[in-house]
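Please read the structure below before turning to the comments.
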There are 2 protein chains.
Amino acid sequence: MTMIQTVAGFFSKNRQIMLYGVSLAMLLFLLKWLELRFLVINHIVEIYTGVLALIFTGLGIWLAVKLIKPEVKTVIVEKEVRVMSDGNFSVNEAEMSRFGLSKRELEVLELIAAGLSNQDIASRLFVSLNTVKTHSSRLFEKLEVKSRTQAVEKAKRLSLIR
Amino acid sequence: MTMIQTVAGFFSKNRQIMLYGVSLAMLLFLLKWLELRFLVINHIVEIYTGVLALIFTGLGIWLAVKLIKPEVKTVIVEKEVRVMSDGNFSVNEAEMSRFGLSKRELEVLELIAAGLSNQDIASRLFVSLNTVKTHSSRLFEKLEVKSRTQAVEKAKRLSLIR
DNA sequence: AACGAAATCACCCGAAAGTATGAATCCGAA
DNA sequence: TTCGGATTCATACTTTCGGGTGATTTCGTT
């Protein structure tokens with residue numbers, strides 16, 4: 001902020017200026033009134049000065065409090081966000097050979113795990129339904145399971161598929 | 001921090017103080033000049049008041065700046081940190097309600113995912129096969145799938161089950 | 001007490017899945 | 001070239017799954 005802008009900003013705060021003027025006027029009236037009644041003439045200047053000092057010191061403090069910008073402190077908090085394990089690791093080659101699944105059987109297994117029906121898999125692989133059944137039966141034997149759901153469960157558990 | 005930076009920082013942080021000081025000096029000069037030419041004794045009170053006002057307003061501001069602790073405004077910025085999921089987090093409650101699965105339906109879903117047949121599930125839950133079929137049918141409707149394998153795939157993908 | 005959601009069970013039917021057996025073709029290794 | 005595994009397909013059969021409908025009971029809420 002430049003000095004020009006500071007000055008402009010100060011004067012743009014009209015309410016403060018108004019308040020300032022009104023306060024001053026009222027004070028002068030009060031002083032005049034007091035002068036006529038109670039205060040002794042030979043101390044009027046000191047009293048006047050003291051009152052002015054107090055008032056304008058207070059005004060200055062009030063202005064400063066209003067104008068000073070709060071210091072901004074930025075705190076960076078690390079927030080843990082759990083994400084799916086990104087599956088970048090490949091399928092378990094060791095377990096792969098252990099069950100002796102053929103390439104085609106593994107392919108069928110993956111499609112079964114994706115939730116496809118045998119007919120869907122047949123269409124996808126351009127083979128007959130019977131072929132898919134044969135493959136699935138054989139891979140069930142090799143995995144020692146009795147249904148496609150068990151096969152998927154075991155295959156995922158052993159990371160044969162992701 | 002170097003001396004240059006310190007001084008620069010001081011001036012930048014106390015622009016308002018500087019402004020008041022400069023204004024005061026200029027005003028005094030002006031008054032001296034005016035006193036020598038036009039204004040004399042008959043305006044001394046107003047001038048004195050103005051000068052006092054400026055001085056003590058400046059004093060007030062200076063005091064405030066010196067004594068008042070700057071308000072610290074704390075801004076918290078959350079930074080997301082990706083971590084591998086270790087499977088310890090519970091099922092997704094938000095998605096849970098989205099599908100409106102009942103307690104029993106979720107139970108059946110979990111057993112289906114474990115690879116059990118409907119008959120197995122019936123035995124495990126001590127209910128009839130028909131009951132399991134009803135539950136599974138209803139949960140398939142709610143999950144908008146057509147088979148147990150698809151249900152398992154979707155449920156695991158959405159963390160409805162682990 | 002009335003209500004609605006949840007849970008339970010039954011029966012029927014068609015579709016899908018799985019088993020068993022046999023067979024043809026292809027392809028890489030011995 | 002021969003052999004065996006892999007792949008393909010077929011037919012027949014059994015089991016399981018899933019949809020549809022209807023009914024009863026339980027239980028918490030109003």
Side-chain angles (χ1 to χ4, degrees), chain A residues 91-158 160-161, chain B residues 91-158 160-161:
Chain A
V91 295
N92 194 329
E93 292 293 341
E95 297 285 357
M96 196 75 269
S97 60
R98 197 159 78 74
F99 292 103
L101 290 187
S102 73
K103 204 184 310 176
R104 206 57 160 172
E105 285 159 0
L106 182 61
E107 234 175 329
V108 171
L109 175 58
E110 283 166 348
L111 294 178
I112 285 177
L116 276 64
S117 69
N118 286 342
Q119 184 56 66
D120 290 336
I121 297 172
S123 304
R124 186 77 71 90
L125 299 181
F126 303 107
V127 296
S128 79
L129 174 60
N130 290 308
T131 304
V132 176
K133 284 181 166 187
T134 304
H135 287 318
S136 60
S137 280
R138 292 186 57 88
L139 81 85
F140 293 160
E141 283 176 23
K142 291 179 180 177
L143 289 183
E144 297 169 317
V145 296
K146 305 194 80 58
S147 72
R148 58 210 293 108
T149 1
Q150 281 179 22
V152 171
E153 192 279 328
K154 187 161 188 174
K156 288 206 173 187
R157 183 160 43 80
L158 299 181
L160 265 52
I161 56 178
Chain B
V91 295
N92 193 331
E93 292 294 341
E95 297 284 359
M96 197 75 268
S97 60
R98 198 158 79 74
F99 292 103
L101 290 186
S102 74
K103 206 184 307 176
R104 206 56 161 171
E105 283 160 358
L106 182 62
E107 234 176 328
V108 171
L109 175 57
E110 283 166 348
L111 295 178
I112 286 177
L116 276 64
S117 70
N118 285 342
Q119 184 55 66
D120 292 336
I121 297 171
S123 303
R124 185 79 69 90
L125 298 181
F126 303 105
V127 296
S128 79
L129 174 60
N130 289 309
T131 304
V132 176
K133 284 173 143 191
T134 304
H135 286 320
S136 60
S137 281
R138 300 210 52 183
L139 80 86
F140 292 161
E141 283 177 22
K142 290 178 179 177
L143 289 183
E144 298 170 316
V145 297
K146 306 193 80 59
S147 72
R148 59 211 292 107
T149 351
Q150 281 179 21
V152 171
E153 192 278 330
K154 186 161 190 174
K156 289 205 172 186
R157 182 159 44 78
L158 298 182
L160 264 54
I161 57 177

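To find a chain, count down the sequence lines: A is the first, B the second, and so on, and within it residues start at 1.
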Between Arg157(A) and Glu153(A), does any NZ, NE, NH1 or NH2 come within less than 4.0 Å of an OD or OE carboxylate oxygen? yes
Tightest non-hydrogen contact, residues Ile161(A) and Ala113(A), listed as CD1-CB, 3.4 Å
Separation of dA17(C) atom C1' from Ile112(A) atom CD1, nearest Å, is 10 Å
Expected list for residues 118-136 of chain A near DNA chain C, using heavy atoms below 4.0 Å, is Asn118(A), Lys133(A)
Is there a side-chain contact between Phe140(A) and Gln150(A) in this structure, where contact means two heavy atoms from C-beta onward sitting under 4.5 Å apart?
no
Whole-Å distance, Leu111(A) CG to dA16(C) C1', equals 17 Å
Closest to the 5' end of DNA chain C, once Phe140(A) and Glu105(B) are matched to their nearest nucleotides, is Glu105(B)
Closest non-hydrogen atoms of Leu111(B) and Arg124(B), given as atom of the first, atom of the second and distance, are CD2-NH1, 4.0 Å
Measure the shortest side-chain to side-chain distance between Ile112(A) and Thr149(A) over non-hydrogen atoms and say whether it is less than 4.5 angstrom. no
Between NZ of Lys146(B) and C1' of dG18(D) the distance, given in whole Å, is 9 Å
Whole-Å distance, Arg138(A) CZ to dG5(D) P, equals 10 Å
Here the distance between atom P of dA7(C) and atom CG of Leu106(B), to the nearest Å, is 10 Å
Among dA7(C), dT19(C), dG18(D), the one nearest any side-chain atom of Ser147(B) is dG18(D)
**Message:** For a quick check of understanding: with a heavy-atom distance under 4.0 Å over all strands, which category does Ser137(A) fall into, base, sugar-phosphate or nothing?
**Reply:** base
When rounded to whole Å, the CG to C1' distance for the pair Leu139(A) and dT7(D) reads 14 Å
When rounded to whole Å, the CZ to P distance for the pair Arg104(B) and dT26(D) reads 15 Å
Residues passing the side-chain hydrogen bond (donor to acceptor under 3.5 Å, both in side chains) test with Glu141(A), sequence neighbours excluded, are none
